[in-house]
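This report refers to the structure that appears directly beneath it.
Computed from a predicted structure; not experimentally measured. Letters A, B, ... mirror the listed sequences (proteins, then strands); counts begin at 1.
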Amino acid sequence: MRAAPNPNGPWHLGHARMPAVIGTYCDRYDGEFVVRFDDTDPETKRPDLSAYDAILDDISYLGFEPDEVLRASNRVETYYEYARELIEMGGAYTCDLPAEEFSELKREGTPSPNRDKDPETVLEQFEGMVNGEYSAGEMVLRVKTDIEHKNPALRDWVAFRMIDRPHPREEAADYRCWPMLDFQSGIDDHLTGITHIIRGIDLQDSAKRQQFVYDYFDWEYPEVLHWGHVQIDAYDIDISTSTIKELIDAGDLDGWDDPRAPTLQSIRRRGIRGEAVVESMIGLGMSTSDVDLAMSSIYANNRDLVDEGANRYFLVRNGERVPVGGDEKPAAGSPPLHPNHEDRGRREIPVDDAVLVEPDDLPNDGERIWLKGYGCVRYDDGAFVATGDDIDAVREEGVDVIHWVPADNTVSVTMRTPDGDLTGEAEPGFAETDVDEIIQFERIGFVRVDDHAVDDSVVYYAHD
RNA sequence: GCUCUGGUGGUGUAGUCCGGCCAAUCAUAUCACCCUCUCACGGUGAUGACCAGGGUUCAAAUCCCUGCCGGAGCACCA
């Protein structure tokens, strides 16, 4: 099986579907996973040189290792050879009709006057194309199909056209005569032994077009399945590489891994495992209609994967400083690193004379609240007074449990989320977490530690 | 205009080919409750769907017809 990306940028979430599905199939049935960059248009779908590696990187993030990586722009001579063969069989003809003119004839089912040229002339003109003797728009090579085919999309389609602008890859910069997707892809699928093709509904007619070429060569066409587009909820941004690129260029996004971007690099940085994405993509099935992927599905999968491993810490946003007093006041709090794993030990959070809590968590005056891992306090006149109550206050008397941090010696944290950046103060022990570690800020959510700078750590928010 | 293709709860999906075991599966979501010193994890329960109308049949989500709604192609893009 193969994934045939157009290397125009790093992948967005929707792109994950192809490697997820074919990778899973290949793993399951011991198949071959071929990545073929279909980079045969240096003009309108101009390849982005950095995208080749970025895409391979995205695939590896998803957990797949391609068996073979090809670039169509390395294989142009091969396409020429098959074109020559096709011409000799009388299966293709050079055509100098302007696009609009041919389009009109096609609509009526009228053949191009070039259609019956003898193969020698065609071959000669095709070599002219190969040698760059024509400019863009002057000459194309058409596959001779059926000019009266009831589906106009299949009538004598273009196999090669001229492009004046050099390919960005140096190795391919000299070519001017480029194959169209249907020709290139059709030849490659056969040559690389692809047995099963999955592609989008936008390419519904491709197989039917390519079938004409396969018939000329007497090849057997692979099994084909089409699926609809994937839309993803939870993003304001259009899921399209070009839109994301524009937003980055305009400075609205910091880059492909901005937490607001619907890209694989983004969710990777947020600590979401490729496996979680793959599972969700597999769950979408193979429907030909468009589907909406709920991010919550990816989040649920990821939560399953990371919860056991994620140690717990406190982070207080918009911290309200509240003095703590009372004779029963403990010197420190010691909540467990993980509620289901006492063996991992407990955090020690020393409390001097005040704590920070989130404004929404402040109880009404005179009411009690339980500072998790620390103890019960009563809120009196803007200060907490330790009550010395035991845990039954929570279990039986309905006292709420909240998270908190000491007022001093905290770690400043910037939390980058899909909805923008937040700041807060984390408990001292947070400083000991490793970069790349996935932790949970209790009552807030799972985050990936991105950076521990001297006075401001950065985390990327994954999900709650 | 021509040609493809599809419509099962909020979302995704199973079932549709070979009609009955489907008063419709599973997941996610939402809401309760249990557990719990997190609104995490785990457990229990609830909510919620066969596009519409005809037809065939003892029996239709499944077969047929019509309609409605949607997606895609008809590029010298991929």
Side-chain angles (χ1 to χ4, degrees), chain A residues 4-8 37-41 43-47 72 95-100 102-103 106-107 109 134 136-142 149-155 157-163 177-178 180-182 184-185 199-206 208-209 226 228-233 241 279-301 303-304 306-308 310 312 314 333-336 338-341 370-376 390-395 399-403 440-446 463-464:
Chain A
N6 163 25
N8 64 341
F37 290 102
D38 283 352
D39 55 350
T40 55
D41 181 2
E43 187 68 49
T44 53
K45 291 274 161 103
R46 193 169 176 78
C95 180
D96 59 1
L97 246 39
E100 315 78 60
F102 178 81
S103 178
K106 179 178 69 178
R107 241 187 295 280
Y134 302 95
E138 289 180 355
M139 188 67 85
V140 297
L141 183 75
R142 291 185 183 283
H149 197 284
K150 62 175 184 170
N151 184 347
L154 310 188
R155 299 173 186 166
W157 46 274
V158 173
F160 287 82
R161 82 299 208 187
M162 303 302 299
I163 293 176
C177 175
W178 287 95
M180 298 285 288
L181 172 81
D182 281 317
Q184 172 266 121
S185 169
R199 48 164 75 112
I201 42 172
D202 48 329
L203 264 25
Q204 273 173 129
D205 292 329
S206 270
K208 293 169 192 157
R209 282 206 189 99
H226 296 99
H229 300 287
V230 185
Q231 294 153 77
I232 298 174
D233 68 355
T241 306
E279 277 176 36
S280 288
M281 289 296 172
I282 298 299
L284 291 181
M286 291 299 305
S287 158
T288 56
S289 39
D290 290 354
V291 292
D292 284 324
L293 171 64
M295 279 307 287
S296 60
S297 151
I298 292 177
Y299 294 157
N301 289 334
R303 198 177 294 121
D304 253 7
V306 302
D307 184 62
E308 282 296 304
R312 269 58 171 171
F314 290 149
S334 60
H338 191 114
N340 304 344
H341 295 280
W370 189 282
L371 300 180
K372 184 168 180 185
Y374 181 76
C376 191
D390 68 16
I391 193 61
D392 286 343
V394 171
R395 288 183 182 154
V399 172
D400 288 334
V401 176
I402 64 166
H403 62 288
Q440 187 206 52
F441 280 134
E442 296 200 48
R443 304 211 306 142
I444 294 174
F446 294 88
H463 48 73
D464 59 16

Its contact letters, B for base, S for sugar-phosphate only and - for none at protein heavy atoms under 4.0 Å, make nucleotides 72-78 of chain B read BBBSBBB

Students often get this wrong, so: under 4.0 angstrom with heavy atoms, is A:G283 touching a base, only sugar-phosphate, or nothing?
sugar-phosphate

Under 4.0 Å, counting only non-hydrogen atoms across every strand here, what does A:K150 touch: a base, just sugar-phosphate, or nothing?
sugar-phosphate

Going through the distances and angles, do A:D400 and A:K372 end up as a salt bridge (charged side-chain N to carboxylate O under 4.0 Å, His left out)?
CA-CA 9 Å; A:D400 288 334; A:K372 184 168 180 185; over 6 Å; no

Pairwise P distance for B:C65 and B:U5, with rounding to whole Å
14 Å

With rounding to whole Å, what would you report as the distance between B:G15 and B:G54 at their P atoms?
28 Å

Determine the interatomic distance between P on B:A46 and the same-named atom on B:U8; round to the nearest Å.
25 Å

Determine the contact category for A:S287: base if any of its heavy atoms lies under 4.0 Å from a base atom, sugar-phosphate if only primed atoms, P, OP1 or OP2 are that close, otherwise nothing.
sugar-phosphate

List the residues meeting side-chain hydrogen bond (donor to acceptor under 3.5 Å, both in side chains) with A:D41, not counting sequence neighbours, and say none if there are none.
A:T44

Output the rounded distance in Å from NE2 (A:H341) to C1' (B:U36).
15 Å

B:A49 and B:A24, which share atom name C1', separated by this distance in whole Å:
9 Å

Exam field: side chain A:R303 to backbone A:D464, donor-acceptor pair closer than 3.5 Å:
yes

Considering only atom C1', compute the distance from B:G20 to B:U30 and round it to an integer number of Å.
35 Å

Checking A:Y299 now: which residues fulfil ring pair (Phe, Tyr, Trp, His ring centres under 6.0 Å) with it, not counting sequence neighbours?
A:H463

Identify, between A:D307 and A:M286, the residue whose nearest nucleotide on RNA chain B lies closer to the 5' end.
A:M286

RNA chain B stem ranges, 3 or more consecutive Watson-Crick or G-U pairs under 3.5 angstrom
B:1-7 with B:68-74, B:10-12 with B:26-28, B:29-34 with B:42-47, B:51-55 with B:63-67

Results of side chain to side chain contact (heavy atoms under 4.5 Å, CB included) for A:D233 - residues two or more places apart only
A:A294, A:M295

Roughly how far apart, to the nearest Å, are B:A78 and B:U38 at atom C1'?
48 Å

To the nearest Å, how far apart are A:E442 CD and B:U38 C1'?
5 Å

Nearest-angstrom distance from the residue atom CZ of A:R312 to C1' of B:U38
8 Å

A:N6 meets the side chain to side chain contact (heavy atoms under 4.5 Å, CB included) criterion, sequence neighbours left out, with A:N8, A:K45

Describe the nucleic acid contact of A:F314 in one word from base, sugar-phosphate, nothing, applying a heavy-atom distance below 4.0 Å.
nothing

Just to verify, what does A:T40 make a side-chain hydrogen bond (donor to acceptor under 3.5 Å, both in side chains) with, not counting sequence neighbours?
none

Can you tell me how far C1' of B:A27 sits from CG of A:L293, to the nearest Å?
13 Å

Using atom OH of A:Y299 as one end and atom P of B:A29 as the other, report the distance to the nearest whole Å.
12 Å

Nearest to the A:Q440 side chain among B:U13, B:A40, B:U28, which nucleotide is it?
B:A40

How would you list, by chain and number, every residue that makes a side chain to side chain contact (heavy atoms under 4.5 Å, CB included) with A:M180, sequence neighbours excluded?
A:V158, A:R161

Starting at CG of A:D233 and ending at C1' of B:U28, how long is that distance when rounded to a whole Å?
11 Å

CZ of A:R199 versus C1' of B:C4: gap in Å, rounded?
14 Å

Distance in angstrom units between A:N301 CG and B:A40 P, rounded
17 Å

Sugar-phosphate, base or nothing in reach of A:L284, heavy atoms under 4.0 Å
sugar-phosphate

Please produce a list of atom pairs where a protein N or O lies less than 3.5 Å from an N or O of nucleotides 15-18 of chain B.
none

For A:H341, what residues pass the ring pair (Phe, Tyr, Trp, His ring centres under 6.0 Å) criterion, not counting sequence neighbours?
A:H338

I'd like to know if the side chain of A:R395 reaches the main chain of A:A393, judged simply by a donor and an acceptor atom lying under 3.5 Å from each other, with no hydrogens or angles considered.
no

Heavy-atom pair with the smallest gap, counting every atom of A:D390 and A:W370
O-CZ3, 3.5 Å

Using the P atoms only, state how far B:U57 lies from B:C50, rounded to an integer number of Å.
26 Å

Ring pair (Phe, Tyr, Trp, His ring centres under 6.0 Å) partners of A:F102, counting only residues at least two apart
none

Under the side chain to side chain contact (heavy atoms under 4.5 Å, CB included) test, residues paired with A:N151 that sit two or more places apart:
A:H149, A:A153, A:L154, A:D205

With sugar-phosphate meaning primed atoms plus P, OP1 and OP2, does A:R155 contact a base, only sugar-phosphate, or nothing at under 4.0 Å between heavy atoms?
nothing

Expressed as a whole number of Å, how far does the C1' atom of B:G73 sit from that of B:C17?
27 Å

